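Taking it in order: structure first as structure tokens, then the write-up.
Numbering of residues begins at 1 and proceeds along the displayed sequence. Quick caveat, the model's predicted, so the values are computed rather than measured. Both backbone and side-chain heavy atoms feed into the values below; hydrogens, waters and symmetry mates do not.
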Amino acid sequence: PAPKANLKLRVEDLPPHILYEPGVLTFFKAKGIALPNNVKSMFGPNLEGLPANMPISPHILNDPTFKNFLRSKGLSVPTA
């Protein structure tokens, strides 16, 4: 059987090496993806000071988990 593409992945299901990447956090914020409360409380006001166009590490951009999460939200992988 074909893999299910409509799997509902949640932000909080992402592994820490993806979720805690500043570039990922600012990308999610720009796209209107709500961050879990534990992430907001960990980073708090530090998120506000980050530039909107923070780069995302190439190893995360190529990570299948990250790509699948974005696809599940109808988003494209950002370019490096």
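- The shortest non-hydrogen separation linking M54 to G23 is CB-CA, 3.7 Å.
- Remark: K31 NZ is loosely packed, at most 12 non-hydrogen atoms of other residues, nucleotides or ligands lying under 6.0 Å away.
- Looking at heavy atoms from C-beta onward, R71 lies out of side-chain contact with V77 at the 4.5 angstrom threshold.
- Distance check: H17 NE2 to I60 CD1 gives 5.5 Å after rounding to the nearest 0.5 Å.
- In terms of heavy-atom proximity, T26 sits nearest to P51 at CG2-O, 3.7 Å.
- Considering only heavy atoms from C-beta on, V39 comes within 4.5 Å of Y20 through its side chain.
- Aromatic ring orientation, F69 versus F28: tilted (interplanar angle from 30° to 60°).
- For the atom pair CD of E21 and CG of L14, the computed distance is 12.0 Å after rounding to the nearest 0.5 Å.
- In terms of heavy-atom proximity, P78 sits nearest to L70 at CD-CD1, 3.8 Å.
- Proximity of V24 to F66: side-chain heavy atoms (C-beta onward) are separated by under 4.5 Å at one or more points.
- The nearest pair of heavy atoms linking T65 to P15 is CG2-CD, 3.8 Å.
- Here CG of L25 is found 12.0 Å from NZ of K40. Values are rounded to the nearest 0.5 Å.
- Residues passing the side-chain hydrogen bond (donor to acceptor under 3.5 Å, both in side chains) test with D13 are R10, sequence neighbours excluded.
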